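Heads up: the structure comes next, in structure tokens.
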Amino acid sequence: MNDADPSQQPGSQPEIHAPDDSAAGEVPVPAPPVDGASYLWNPVEPPLAPTQPALAPPPRLIPNLAHCLVFFALLVPAFIGGWVFMFVVLRLVLHTVPTGAVMLRVGHEVRYAISAQAVAYGIQWALAALVFSLWWGRSLARGVHWNSAAIGRFFFRLALLGVATGLAITLAGNFLPMPKAPPILKDLTNSTVGAWMLMAFGITLAPLTEELAFRGFLLPCLVNVFRWFQRRGSMSEASVRTVGIPIAIVLTSIPFAMVHAQQVSGSWGPLLLIGMVSVVLCIIRLVTDSVAASFVVHACYNLTLFAGLLVQTDGFRHLDKLKG
């Protein structure tokens with residue numbers, strides 16, 4: 001994803017515009033950017049004096065609840081398409097294998113399941129890019145504030161934060177009840193090829209899509225609910241920051257953790273830790289105004305976890321060491 005809009009860079013300030021009669025003593029008023037850059041964390045809507053007209057409308061609240069619901073609804077055709085694609089490919093390759101056996105392979109063998117999920121994610125991105133570019137009148141990347149400039153400015157700090165988070169979560173796991181043989185490890189022990197595929201998927205496509213879904217759509221959608229109340233005078237800026245944004249972070253982190261429940265046998269210990277990781281990712285997304293930034297942290301966090309497994313199994317050559 002690429003950005004063509006420099007106004008979305010983290011920390012960028014809105015341009016100051018003065019009215020035509022500014023020479024007569026009028027005070028210039030900052031005009032909110034049209035696309036609402038940094039609006040979630042640092043809204044640009046200063047109170048105006050009675051004699052000071054607003055020079056630009058406030059930024060659109062994008063994404064909102066309707067946008068979020070449509071995005072997650074698109075997951076249905078995307079995953080159906082991914083599964084059908086993988087089934088057809090295997091059916092053609094394994095033409096002598098019974099249909100029922102092919103269906104089981106798509107659903108249970110990690111290398112085929114990962115391939116089907118990767119295709120599903122690709123379909124999801126394509127559908128989302130088409131639907132929301134038409135709906136918003138701007139690219140998907142610009143609408144969700146992908147903001148790739150943040151990577152160039154903060155890459156090493158973001159990467160270090162991801163590694164530090166991975167190490168901290170691994171250490172914390174020693175003090176919480178953890179499942180002995182979670183499904184995610186069972187998937188790794190099935191085959192060396194599957195383990196490498198799962199690792200590649202876990203540090204690229206998986207965090208990319210999860211960040212788009214949870215920090216690109218769900219989190220800003222929830223924050224924008226409170227911004228909507230603020231615009232109508234029902235909430236103050238202080239209330240949005242101290243109440244609204246923390247609630248949005250929690251409500252984003254709960255489903256984020258639950259999405260990974262099956263991988264850890266639904267154990268509350270790892271789910272709590274995954275929720276804490278989500279809190280970190282949400283804060284990074286808001287502070288940097290960049291989904292790209294939270295993606296880097298997420299990818300480096302996952303890489304740290306997989307690096308530990310690589311060391312433990314001698315580069316996935318001795319997967320039996322993962323069996324509990």
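The model shown is predicted, which means the values in this text are computed figures rather than measured ones.
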Can [Y] be reached from [X] by stepping across I, L, V, M, F, W or Y side chains whose heavy atoms are under 4.5 Å apart?
X	Y	value
V76	V84	yes
L303	L160	no
I254	L69	no
L176	L171	no
L167	L309	no

Open item on the list: I'd like to know if the side chain of S234 pairs up with that of W228 as donor and acceptor (distance under 3.5 Å, no hydrogens or angles considered).
Closed with: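 On atom types as modelled, these side chains do not qualify, holding no pair under 3.5 Å.
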
Open item on the list: Hydrogens and angles aside, do T288 and R153 bring a side-chain donor and acceptor to less than 3.5 Å of each other?
Closed with: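 No pair is found: no donor N or O on one side chain lies under 3.5 Å from an acceptor on the other.
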
TODO: Would you indicate whether F79, at its atom CZ, is surrounded by more than 12 heavy atoms from other residues, nucleotides or ligands within a distance under 6.0 Å?
DONE: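 For F79, atom CZ is crowded (more than 12 foreign heavy atoms under 6.0 Å).
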
List the atom of [X], the atom of [Y], and the distance in Å for their closest heavy-atom pair.
X	Y	result
C282	T252	SG-CG2, 3.8 Å
R60	W136	NH1-O, 3.0 Å
V119	G82	CG1-CA, 3.9 Å
I245	R227	CD1-NH2, 4.4 Å
P207	F201	CD-O, 3.8 Å
D289	N147	O-ND2, 3.1 Å

I want to check something: taking the side chain as every heavy atom from C-beta on, are [X] and [Y] in contact at a cut-off of under 4.5 Å?
X	Y	result
L65	V225	yes
M178	V264	no
F226	I247	yes
L140	W125	no
L251	L219	no
P220	H145	no
F71	L212	yes
V277	L273	no

TODO: Apply side-chain contact (heavy atoms from CB on, under 4.5 Å) to the pair V70 and W135, showing each step before the final yes or no.
DONE: CA-CA 11 Å; V70 169; W135 197 346; 3.7 Å; yes

Distance-only donor-acceptor pairs under 3.5 Å for side chains of residues 265-272, two or more places apart:
residue : atom : partner : partner atom : Å
S267    : OG   : P177    : O            : 3.4

How many angstroms lie between atom [atom1] of [X] and atom [atom2] of [Y], to the nearest 0.5 angstrom?
X	Y	atom1	atom2	value
I62	C221	CD1	SG	12.0 Å
I274	L281	CD1	CG	11.5 Å
L158	I151	CG	CD1	8.0 Å
F132	L127	CZ	CG	10.0 Å
L205	Q117	CG	CD	9.0 Å
Y301	L161	OH	CG	12.0 Å

Open item on the list: Using side chain to side chain donor-acceptor pair (under 3.5 Å), reason through S139 and W146 one step at a time and then give a plain yes or no.
Closed with: CA-CA 10 Å; S139 69; W146 172 252; over 6 Å; no

Task: Shared-cluster residues of V311, by chain and number - hydrophobic side chains joined below 4.5 Å - done: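 Members other than V311 - counting any ILVMFWY side chain reachable under 4.5 Å - there are none.
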
Please confirm whether the backbone N or O of [Y] pairs with a side-chain atom of [X], one donor and one acceptor, at under 3.5 Å?
X	Y	answer
R285	R215	yes
S239	M235	no
S294	V291	yes
R241	G244	no
R317	D314	yes
N302	G202	yes
Q124	L75	yes

- [ ] Take L286 and I249 through the test side-chain contact (heavy atoms from CB on, under 4.5 Å) and record every step on the way to the result.
- [x] CA-CA 10 Å; L286 291 172; I249 290 175; 4.2 Å; yes

Task: Within residues 241-262 or reaching into it, pairs that qualify as ring pair (Phe, Tyr, Trp, His ring centres under 6.0 Å) - sequence neighbours excluded - done: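 Counting only pairs at least two positions apart or across chains, the ring pair (Phe, Tyr, Trp, His ring centres under 6.0 Å) contacts touching residues 241-262 are F214-F256, F256-H260, F256-H298.
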
- [ ] On the 0 to 90° scale, with breaks at 30° and 60°, tag the F87-W83 ring pair as parallel, tilted or perpendicular.
- [x]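 F87 and W83: parallel rings.
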
